[in-house]
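Below is one structure, written out as structure tokens, with a few remarks after it.
Below, each value reflects all heavy atoms present in this structure, side chains not excepted, and no hydrogens, waters or symmetry copies. Just so we're on the same page: letters track the sequence lines, and every chain starts at 1.
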Amino acid sequence: MDEATLERIFTVVALVPKGRVATYGQIAQLAGLPRGSRLVGRALGHVSRDGGVPWHRIINAQGRISIPASSPAFVLQRDRLRDEGVDVSSDGKLSLKRYQWVP
DNA sequence: ATGATGACGTGCG
DNA sequence: GCGCACGCCATCA
């Protein structure tokens, strides 16, 4: 995994506006990685600590938080989204229909 | 080198 | 809407 790729990923993630969300596949695509949805997840997970990157706005294509609900990171992401006005169910599900970012 | 694994996606039943 | 099987791609044991 080269730096340039990670760089593009974070750059795209940073473009997602507050109160909106984007899917891993969406980020991958905008970053020029057609089938790199997993890479995006990996990139975010590896960095996890904030570098000013709003990783909490990234969810899977099922409109669901992709972190096991048992994880503390899950709660963090859910709460942060709620703070931005996104209605997230306790199990981490939300309406892409209403919140997905449209470039 | 090989098979298992995971912050994913799509198609089907 | 849910669970499952498969396809994808980089790591890791």
task: Mind checking side-chain hydrogen bond (donor to acceptor under 3.5 Å, both in side chains) for A:Arg80 and listing every partner two or more places apart, or none if nothing turns up?
output: A:Asp50
query: Taking only residues two or more places apart in sequence, or in another chain, which ones meet A:Gln62 in a side-chain hydrogen bond (donor to acceptor under 3.5 Å, both in side chains)?
result: none
Would you mind writing out the side-chain donor-acceptor pairs for residues 18-28 of chain A within the sub-3.5 Å range, not counting sequence neighbours?
unit_1	atom_1	unit_2	atom_2	d
A:Thr23	OG1	A:Gln26	N	3.0
A:Gln26	OE1	A:Thr23	N	3.2
A:Gln26	NE2	A:Trp101	O	2.8

statement: In numerical order, the residues of residues 56-70 of chain A whose heavy atoms come under 4.0 Å of DNA chain C are none
- prompt: Which residues within residues 5-28 of chain A lie with some heavy atom under 4.0 Å of an atom in DNA chain B?
  reply: A:Thr23, A:Tyr24, A:Gly25
- prompt: Any idea which of C:dC9, B:dC8, C:dT11 is nearest the A:Arg42 side chain?
  reply: C:dT11
Please name the pair of heavy atoms, one in [X] and one in [Y], separated by the smallest distance, quoted to 0.1 Å.
X       : Y       : answer
A:Gln77 : A:Ile65 : OE1-CG2, 3.2 Å
A:Leu76 : A:Trp55 : CD2-CZ2, 3.5 Å
A:Ser66 : A:Asn60 : OG-ND2, 2.9 Å

Let me know the distance between [atom1] of [X] and [atom2] of [N], rounded to the nearest Å.
X       : N      : atom1 : atom2 : answer
A:Lys93 : B:dA7  : NZ    : P     : 20 Å
A:Leu44 : C:dA10 : CG    : C1'   : 15 Å
A:Arg78 : B:dA7  : CZ    : P     : 18 Å
A:Arg35 : B:dG6  : CZ    : P     : 24 Å
A:Leu33 : C:dG7  : CG    : P     : 22 Å
A:Leu81 : B:dA7  : CG    : P     : 18 Å

message: If you define the side chain from C-beta out and look only at heavy atoms, does anything of A:Pro17 sit under 4.5 Å from A:Arg57?
response: no
message: A side-chain contact here means heavy atoms from C-beta on lying under 4.5 Å apart; do A:Arg42 and A:Met1 qualify?
response: no
- prompt: For the side chain of A:Arg38 and the base of C:dC8, is some donor closer than 3.5 Å to an acceptor across the two?
  reply: yes
Give the table of side-chain donor-acceptor pairs shorter than 3.5 Å for residues 6-16 of chain A, with sequence neighbours excluded, one pair per line with atom names and distance.
unit_1	atom_1	unit_2	atom_2	d
A:Arg8	NE	A:Ala31	O	2.8
A:Arg8	NH2	A:Ala31	O	3.4
A:Thr11	OG1	A:Glu7	O	2.7

